[in-house]
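These values consider heavy atoms only, across backbone and side chains, with no hydrogens, waters or symmetry-generated copies. All chains are named by letter (A, B, ...) in the order of the sequence lines, taking the proteins before the strands, and each is independently numbered beginning at 1. Source: prediction; values computed, not measured.
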Amino acid sequence: MTTAFPREALRTDTLAAARALIGARIVRGSGPNARIGRIVEVEAYVGVEDRASHARFGPTRRNAAMFGPPGHAYVYFVYGMYYCLNVVTEPEGRPCAVLIRAVEPIAGLEAMRAARHAVRAERAISGAGRGAAIPDDRLAAGPGLVCAALSITRADDGADLCGPDSDLRLDARPVDEPAPSVVTGPRIGIGYAPEPWRSEPWRFWETGNPSLSKRPSPLELGR
DNA sequence: GCAAAGATTTGCT
DNA sequence: GCAAATCTTTGCC
């Protein structure tokens, strides 16, 4: 028995929503074939005033979902190769979202692995011919990899993640699972943004989780 | 209308 | 550690 992630927890402050999403589940499909990932790393993008956000130039064809109601998906295509998944936050009209940077595979690992390899073959990345095995921990350890493992594309842009019947949806952390230990730091890949946004500690992650986008140090893994 | 850079990942120098 | 792969969007001509 699982519970849909409450939309009201996304309608309010984006930084609080980002922290609350650590430990929640992203679910693709239903039944025994469902792929489930536990969110372990996210980043918050807050309004048009955030000079690191895609919303900084106002609404465009690409970022329209950011201006929509909370609890829906904003999926964008970047570098001509990868998709990235965001959860839209705050009331409709305020362009805020939380980027899902990494998830820990919980179920459907073989389907995730197959999806990763399918994307690789599709993109025809040079040198990928040998197709080295992907460790379980690394199946969705990065924003582009989350979408590859869960088969997320622009077709999912605008989908309602809080709808219990959606093919792509959010589930709350199980009540019997302890609250994760969350730490913060600067966001990644936004060197183009001026201060103070470049240095705002709006990246949230679970301490020492092996599925983080940047592999944690042995010290962190050991504690 | 065209040049340039991007909320990334991978493999090779 | 660096550059390539590749397409959408921005910014200037």
Opposite nucleotide pairing with C/dG1, Watson-Crick or G-U, both atom distances under 3.5 Å
B/dC12
Remember a base hit wins even if backbone is also touched, and classify A/Phe57 as base, sugar-phosphate or nothing at under 4.0 Å, heavy atoms.
sugar-phosphate
Grab the CZ-P distance between A/Arg198 and B/dG6 for me, whole Å please.
12 Å
Selected nucleotide, minimal atom distance to A/Met81 side chain, candidates B/dT9, C/dT6, C/dT9:
C/dT6
Sugar-phosphate only, base, or nothing, as touched by A/Arg116 at under 4.0 Å among non-hydrogen atoms
sugar-phosphate
Let me confirm one number: the CG-CD1 distance from A/Leu21 to A/Ile39, rounded to the nearest 0.5 Å.
5.0 Å
Pairing donors with acceptors under 3.5 angstrom, does anything connect the side chains of A/Thr2 and A/Asp171?
yes
Between B/dG11, B/dT9, C/dT9, which nucleotide has the shortest distance from any of its atoms to the side chain of A/Arg62?
C/dT9
Approximate separation, where rounding is to 0.5 Å, of A/Arg101 CZ and A/Arg203 CZ
6.0 Å
Heavy atoms only, 4.0 Å cut-off, all strands: where does A/Ile190 land among base, sugar-phosphate and nothing?
sugar-phosphate
A/Arg187 to A/Tyr45 six-membered ring, cation-pi geometry met (6.0 Å, 45°)
yes
CZ of A/Arg138 versus P of B/dG11: gap in Å, rounded?
14 Å
Spacing of A/Glu41 atom CD relative to B/dT9 atom P, expressed in whole Å:
10 Å
Return whichever of A/Tyr79 or A/Gly58 has its heavy-atom-nearest nucleotide of DNA chain C closer to the 5' end.
A/Tyr79
Proximal nucleotide (of C/dT9, B/dT9, C/dC7) relative to the A/Pro143 side chain
B/dT9
Please work out if A/Arg101 contacts a base, only the sugar-phosphate, or nothing of the nucleic acid, heavy-atom cut-off 4.0 Å.
sugar-phosphate
